[in-house]
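Encoded as structure tokens, the structure appears first; notes follow it.
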Amino acid sequence: MSRKWKRLVFIGLLIFSLGSAGYLYYEKTVMVGDVREREHLLSAVSMKIAKEGHEMEDVKKIGVQYNYFKGGVLPYEVYVVFKKDPSVVYYYSWKDRSKTDVVLIGQGVD
């Protein structure tokens, strides 16, 4: 293999590596967010719905949504779908920036 081809292969691999690293960084910061923040809100919502008298067996689906473009301190929301009414989605988030309480911020149709 000539020196020119080795250089082209090296540049191609370098561009591929930088592109992959950029994509993974984008995926982590823009699409997923901080895992500790997600888990903190998810556990707080689980405790809230348990205090409201729901069992975890009553929950059909629960998950965390992250909106990077919303920004600020509270870009996370937890959605909950109960088995008794699977067409309604309940959205929970932090009440304020101190993250001391979780509130129902809305509901929608699944």
Side-chain angles (χ1 to χ4, degrees):
M1 196 187 254
S2 70
R3 189 171 189 190
K4 180 181 177 182
W5 285 106
K6 287 181 183 179
R7 181 177 284 170
L8 286 175
V9 168
F10 175 75
I11 290 172
L13 288 174
L14 181 65
I15 290 172
F16 177 75
S17 298
L18 290 175
S20 297
Y23 174 75
L24 292 174
Y25 177 77
Y26 171 81
E27 185 75 23
K28 181 181 182 320
T29 51
V30 176
M31 301 304 288
V32 177
D34 185 15
V35 174
R36 287 178 293 189
E37 290 291 326
R38 294 168 58 92
E39 296 299 321
H40 187 211
L41 179 59
L42 186 60
S43 65
V45 169
S46 297
M47 296 292 284
K48 172 134 180 111
I49 61 176
K51 285 180 184 176
E52 292 174 349
H54 298 286
E55 299 288 328
M56 288 313 291
E57 292 82 29
D58 298 339
V59 176
K60 178 180 178 184
K61 185 169 40 171
I62 188 168
V64 180
Q65 293 177 338
Y66 174 67
N67 187 350
Y68 175 79
F69 299 106
K70 179 179 174 184
V73 180
L74 311 171
Y76 298 94
E77 294 176 355
V78 172
Y79 62 90
V80 181
V81 178
F82 294 103
K83 290 180 182 176
K84 68 177 180 175
D85 193 7
S87 63
V88 179
V89 180
Y90 297 92
Y91 295 97
Y92 294 89
S93 187
W94 295 113
K95 182 177 182 179
D96 53 15
R97 293 176 186 259
S98 63
K99 300 178 184 176
T100 55
D101 194 20
V102 174
V103 293
L104 177 67
I105 57 172
Q107 57 187 23
V109 179
D110 190 23

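Treat the numbers as computed from the prediction; the structure is a model and nothing was measured. If you read the sequence from its start, that first residue is 1, and numbering goes on from there. Only heavy atoms go into these numbers, but all of them, side chains included; no hydrogens, no water, no symmetry mates.
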What are the two closest heavy atoms between Tyr66 and Arg38, and how far apart are they? CB-NH1, 4.1 Å
Residues in salt bridge (Lys or Arg N to Asp or Glu O under 4.0 Å) contact with Arg7, at least two apart in sequence or another chain: none
Compare all side-chain heavy atoms of Ile49 with those of Val59 and state whether any distance is below 4.5 angstrom. yes
Can you measure from NE2 (His40) to CZ (Arg36) and round to the nearest 0.5 angstrom? 11.5 Å
Answer yes or no: is there a side-chain heavy-atom contact under 4.5 Å between Val88 and Val109? no
side-chain contact (heavy atoms from CB on, under 4.5 Å) involving Leu13 - partner list, sequence neighbours excluded: Val9
Quick one: does Val80's side chain get under 4.5 Å of Val89's, heavy atoms only? no
Kindly write out the residues that satisfy ring-ring contact (aromatic ring centres under 6.0 Å, His included) with Phe82, not counting sequence neighbours, or none if the list is empty. His54, Tyr90
Rounded to the nearest 0.5 Å, what separates atom CD in Gln65 from atom OH in Tyr91? 5.5 Å
Heavy-atom check, side chain of Tyr92 versus side chain of Glu77, under 4.5 Å: no
Taking only residues two or more places apart in sequence or in another chain, which ones pass ring-ring contact (aromatic ring centres under 6.0 Å, His included) with Tyr79? none
Indicate if Val81 and Ile105 have the same hydrophobic cluster label, given that clusters are the connected sets of ILVMFWY residues with side-chain heavy-atom separations under 4.5 angstrom. yes
To the nearest 0.5 Å, what is the distance between CD1 (Ile15) and OG (Ser20)? 11.5 Å
Working note: Glu52 + Lys48, criterion side chain to side chain contact (heavy atoms under 4.5 Å, CB included); need CA distance, chi angles, decisive distance, verdict. CA-CA 6 Å; Glu52 292 174 349; Lys48 172 134 180 111; 3.6 Å; yes
Residue pairs passing the salt bridge (charged side-chain N to carboxylate O under 4.0 Å, His left out) test where at least one lies in residues 81-96, sequence neighbours excluded: none
Spacing of Ser93 atom OG and Leu104 atom CG [to the nearest 0.5 Å]: 10.5 Å
Using the test side-chain hydrogen bond (donor to acceptor under 3.5 Å, both in side chains), find all partners of Tyr23 that sit at least two apart in sequence or belong to another chain. Glu27
Measure the CD-OG distance between Gln107 and Ser87 for me, rounded to the nearest 0.5 Å. 10.0 Å
